[in-house]
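Quick caveat: nothing in here was measured; it's all calculated off a predicted structure.
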Amino acid sequence: KAEKIFHPESRKAGQMQREALRKAKLSEKLVKRGKKQMNLADRYAFFLHALPPDKAALTLAEIHDLVQSLWLTRHEQALEEEQTARRKGRPKSTKEQQLEEMKLQDAEEYRTGLDLPDLTDVANVALFRKWDGIDATYLRILHFIRICGDFPEITHVARIGR
């Protein structure tokens, strides 16, 4: 059956335009939300793999050491490779600029407050180790704390898990 053609300025055409616009907005938000969830899952998967397997829980000093030694320096090698590949007198590549920007954002986020699963709690660490590293909805059951580089001895509860 052929699709009926409406006059461009008719009421029905306006309804169809609004419906199409709403569907486009919803799908765009869904994609955006999915990307945000994947970024968070990647971040927490990094800390899952960085956990020492022999420890049941970490102290606050060990968490700060983990962030400073592994999390903040994870782009160093790729950044050095980009810098050595660049010839003298040439402008920075786009990848090098992005790596520098990510490094600065991570440092600023750590300085002002970084949300992490509570790795000081034995039960929370045990739940965290059961996570597959992919499904971001599992993270809702975990207890999260916020640590700051400016105040390393203070933590705040960021989110209470289920």
Side-chain angles (χ1 to χ4, degrees), residues 22-88 90-162:
R22 182 176 186 278
K23 284 182 181 178
K25 283 182 182 179
L26 287 176
S27 66
E28 184 179 322
K29 283 185 179 185
L30 184 67
V31 168
K32 204 176 208 181
R33 189 177 327 123
K35 284 183 182 179
K36 183 179 177 183
Q37 292 290 331
M38 287 304 297
N39 288 340
L40 285 176
D42 289 343
R43 168 185 290 190
Y44 300 135
F46 178 87
F47 287 102
L48 176 66
H49 296 300
L51 268 176
D54 58 335
K55 291 203 172 196
L58 300 176
T59 64
L60 194 56
E62 289 173 331
I63 293 173
H64 281 281
D65 183 48
L66 183 81
V67 169
Q68 291 169 352
S69 63
L70 295 176
W71 176 251
L72 295 178
T73 61
R74 70 188 190 282
H75 298 300
E76 290 291 326
Q77 185 178 5
L79 189 59
E80 286 176 12
E81 288 174 4
E82 284 293 318
Q83 289 172 345
T84 56
R86 182 172 41 122
R87 294 191 320 218
K88 190 174 183 179
R90 293 285 185 167
K92 294 179 181 178
S93 67
T94 306
K95 185 176 180 182
E96 185 178 349
Q97 289 174 350
Q98 289 173 344
L99 288 170
E100 286 177 350
E101 185 64 31
M102 286 192 300
K103 187 177 172 185
L104 288 173
Q105 284 176 351
D106 289 342
E108 181 63 21
E109 186 177 12
Y110 173 62
R111 189 186 68 76
T112 58
L114 177 67
D115 290 353
L116 294 175
D118 188 3
L119 302 175
T120 60
D121 183 30
V122 176
N124 201 51
V125 171
L127 278 173
F128 188 46
R129 288 185 195 270
K130 291 179 184 175
W131 180 47
D132 63 358
I134 299 169
D135 185 22
T137 57
Y138 180 84
L139 297 170
R140 293 181 189 159
I141 66 171
L142 297 175
H143 182 78
F144 280 78
I145 58 172
R146 178 171 291 146
I147 60 170
C148 297
D150 289 347
F151 306 103
E153 63 280 347
I154 299 174
T155 64
H156 298 284
V157 176
R159 187 173 65 210
I160 299 173
R162 292 186 188 149

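When side chains are defined from C-beta on, Pro117 counts as touching Asn124, because their heavy atoms get closer than 4.5 Å. Under the 4.5 Å side-chain criterion, counting only non-hydrogen atoms from C-beta, Leu116 is in contact with Val67. Side-chain contact between His143 and Val157 is present, with at least one heavy-atom pair separated by less than 4.5 Å. In this structure the side chain of Ile145 never reaches within 4.5 angstrom of the side chain of Asp121, judged on heavy atoms. The shortest side-chain heavy-atom distance between Phe128 and Leu51 falls under the 4.5 Å cut-off. Considering only heavy atoms from C-beta on, His64 comes within 4.5 Å of Ile147 through its side chain. Taking 4.5 Å as the limit, some side-chain heavy atom of Tyr138 sits within range of a side-chain heavy atom of Leu127. Contact check for Lys55 versus Leu119: no side-chain heavy atoms found under the 4.5 Å cut-off.
A salt bridge does not link Arg90 to Glu96: none of the charged nitrogens lies less than 4.0 Å from a carboxylate oxygen. A salt bridge links Arg111 with Glu108: the closest approach of a Lys/Arg side-chain nitrogen to an acidic carboxylate oxygen falls below 4.0 angstrom. In this structure, Lys92 does not pair ionically with Glu82, as no charged nitrogen and carboxylate oxygen lie closer than 4.0 Å.
Between the CG atom in Leu99 and the CG atom in Leu104 there is a gap of 11.0 Å [rounded to 0.5 Å]. Here the straight-line distance linking atom CZ of Arg74 with atom CG of Leu79 works out to 12.5 Å at 0.5 Å rounding. With rounding to the nearest 0.5 angstrom, the NE2 atom of His156 is 11.0 Å from the CG atom of Asp115. Summarising the geometry, atom CG belonging to Asp106 is positioned 5.5 Å from atom CH2 belonging to Trp71; distances are rounded to the nearest 0.5 Å. The structure places NZ of Lys32 at 12.0 Å from NZ of Lys25, a figure rounded to the nearest 0.5 Å. Once rounded to the nearest 0.5 Å, the distance linking CG of Leu70 with NE2 of His49 reads 13.0 Å.
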Inset, instruction - Apply side-chain contact (heavy atoms from CB on, under 4.5 Å) to Gln105 and Glu109, showing your working. - result: CA-CA 6 Å; Gln105 284 176 351; Glu109 186 177 12; over 6 Å; no

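Within the 6.0 Å centre-distance limit, the rings of Tyr44 and Phe144 are counted as a close aromatic pair.
More than 12 heavy atoms of other residues, nucleotides or ligands shown are found within 6.0 angstrom of CZ on Phe46. In this structure, Glu153 places its CD atom where more than 12 heavy-atom neighbours from other residues, nucleotides or ligands lie under 6.0 Å away.
When all heavy atoms of Leu60 and Thr155 are compared, the closest pair comes out as CD1-CG2, 3.2 Å. Scanning both residues, Ala57 and Val122, for their nearest heavy atoms gives CB-CG2, 3.9 Å. Contact detail for Ala136 and Ala41: the closest heavy-atom pair is CB-CB, 4.2 Å.
Without hydrogens or angle criteria, Glu62 side chain to Thr59 main chain gives a donor-acceptor distance under 3.5 Å. The main-chain N or O of Ala126 is never found under 3.5 Å from a side-chain atom of Arg129 such that the two would form a donor-acceptor pair.
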